[in-house]
Amino acid sequence: MTKRSLESLPGSALEGKRALVRVDFNVPLKNGVVTDDTRIRAALPTIAYLRERGARVVLLSHLGRPKGGPEPKYSLRQIVRDVEKLIGAPVEFIEALEPGVAVTRRLPRGGVALVENTRFWPGEEQNDQALAQQFAALGDFYVNDAFGSAHRAHASTEAVAHLLKPAVAGYLMERELQYLGAALDNPRRPFVAVLGGAKISGKIDVIQSLLPKCDAILIGGAMACTFFASMGLEIGGSLVERDRIDLAGALLKGGGQKIVLPRGATVAPTLERAAERKQVPSDKIPADMSVFDIDQATADDFRARILGAKTVVWNGPMGVFETPPFDAGTRAVANALVEATAKGATTVVGGGDSAAAVAGLEDKLTHVSTGGGASLEFLEGKPLPGVMALDEA
Ligand code: ADP
Ligand code: MG
């Protein structure tokens, strides 16, 4: 199912009109200063497109997790300067909704306004109709470019899209749906998924959704240990989900040859005692050690399988990549994806920690999703409310 795009709107629908644009400006702040403006930059193509066509742009976003009321540390006022610098134009700040309508009407062609944190209104997270109506009054049509918030049915992402038409997908949203969607619905084969991270529980639905679609699922991270445990292997002090061991066993039975587990692991007594680390086969994990990464043999195996694929989807690091040297396996997989991309494969990375693990390599991969939780739910095959609510193409 394809959603109506921004580009499908005729010039007359843009010229002089107020575009209400839901963006994801949920940026990290330290003492009121934006420490990473990636998310703001990600929305620039949509904003520029609208302004160039004479639209007036009214931006909506949430920031952090305020408790249903204004909290200075979560005010979007703090980022107005950054947005102005990146857009290269002044930005009107709208603190209250009703007077805000007048502000949006006064905006010049190409003018930009930023509304206060949507979560300062208690109705936002309840997907409240009345609040959505107030948001809708700020614009003449709706654009959702906040893929990272699309898995939540909130007033600014879902309800408003039913009230303000046309409701279309911005460039970032479109790109996310295109790459994630194509990988899942119509993959060039072989299609290999690489899954890692801490917990099997959060990824079960991903495994179940991907199993029938892909040709192989390579498992790394602590998640592999729950699979090892289901096979009766010693896993020492590794992170394991005891209550998911049976489930892991059932997946192995059902998944047959498709599930590829690590051949071996990099183990150490503790994360701090990295100097004592060693590489062991998966059936030789010492009882007094823990798995913190895949081993070299597994990295080589996974690399070969990734290079043999035409589509690769990756979610979840292979080890405790935040703590070198246990980042080696994750780096190896990242490099294998880069190599595969250079050879013509489609490579898609989703997940917050996974995206962090490939920071700096974005240009060498087909697509790195900006939506952590949203990309995961997409991979699980769940409909995203913020996407569903947009007009059909
Ligand atoms: P994503 O955010 O990409 O979906 P997850 O949140 O599922 O990824 O997993 C990331 C976390 O998994 C990281 O914090 C990493 O340290 C942890 N992790 C990976 N392998 C292991 C391991 N063997 N032991 C403990 N933690 C691990
Ligand atoms: Mg995570």
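Start at 1 and go down the list; that is how both ligands and their atoms are numbered. Every value quoted in this text rests on a predicted model; they were computed, and no experiment measured them.
Ranking protein heavy atoms by distance to atom 25 (C) of ligand 1, first place goes to Val320 CG2, 3.6 Å. Among protein heavy atoms, the minimum distance from atom 7 (O) of ligand 1 is reached at Lys203 NZ, 2.6 Å. Residue, atom and distance of the protein heavy atom nearest to atom 6 (O) of ligand 1 are Asp353 OD2, 2.9 Å. For atom 13 (C) of ligand 1, the nearest non-hydrogen atom of the protein is Glu322 OE2, 3.1 Å. Here the heavy atom of the protein found nearest to atom 9 (O) of ligand 1 is Gly197 CA, 3.2 Å.
Considering each of Ser369, Ser201, Ser290, Ala222, the one bringing a non-hydrogen atom nearest atom 22 (C) of ligand 1 is Ala222. Distances from atom 11 (C) of ligand 1 to the heavy atoms of Ala265, Ala198, Gly372, Gly352 show the closest one on Ala198.
Thr118 pairs in a side-chain hydrogen bond (donor to acceptor under 3.5 Å, both in side chains) with only one of the listed residues (Glu124, His154, Glu125), which is Glu124.
Atoms of ligand 1 found under 4.0 Å from any heavy atom of Val291, numbered from 1 in the order shown, are 22 (C), 23 (N), 24 (N). Heavy-atom proximity to Gly316, at under 4.0 Å, picks out these atoms of ligand 1: 3 (O), 8 (O). Taking a cut-off of under 4.0 Å to the non-hydrogen atoms of Ser354, the atoms of ligand 1 that pass are 1 (P), 3 (O). Counting the atoms of ligand 1 from 1 in the order shown, those under 4.0 Å from a heavy atom of Gly221 are 20 (N), 23 (N).
A donor-acceptor pair is defined here as one N or O able to donate and one able to accept, closer than 3.5 Å; no such pair exists between the side chain of Lys3 and the backbone of Glu174. Ser354 places no side-chain N or O within donor-acceptor distance of the main-chain N or O of Val349, the cut-off being under 3.5 Å. Judged by distance alone, with hydrogens and angles left aside, the side-chain atoms of Thr366 form a donor-acceptor pair with the main-chain N or O of Thr347 at under 3.5 Å. Thr311 contributes no side-chain N or O that, together with a main-chain N or O of Thr346, makes up a donor-acceptor pair within less than 3.5 Å. Remark: the backbone N or O of Phe25 is paired with a side-chain donor or acceptor of Ser61 at under 3.5 angstrom. Put simply, the side chain of Glu71 gets close to the backbone of Lys67: a donor and an acceptor are under 3.5 Å apart.
The part of Asn315 lying near ligand 1 is the side chain, judged by heavy-atom distances below 4.0 Å. Under 4.0 Å from ligand 1, not a single heavy atom of Met223 appears. Contacts with ligand 1 closer than 4.0 Å are made by no heavy atom of Lys199, backbone or side chain.
When only modelled atom types and interatomic distance are considered, Thr104 and Arg18 share a side-chain donor-acceptor pair under 3.5 Å.
Applying the 6.0 Å contact sphere to CG of Asp300 captures more than 12 heavy atoms from other residues, nucleotides or ligands. Atom CZ of Arg65 has 12 or fewer neighbouring heavy atoms from other residues, nucleotides or ligands inside a 6.0 Å radius.
Heavy-atom separations between Gly319 and ligand 1 include at least one value shorter than 4.0 Å.
Cation-pi geometry between Arg53 and Tyr49 is satisfied (NZ or CZ under 6.0 Å from the ring centre, within 45° of the ring normal).
An N or O contact shorter than 3.5 Å is missing between Phe321 and ligand 1 by distance.
In Asp353, the N, O or S atom that comes nearest to the Mg ion (ligand 2) is OD2.
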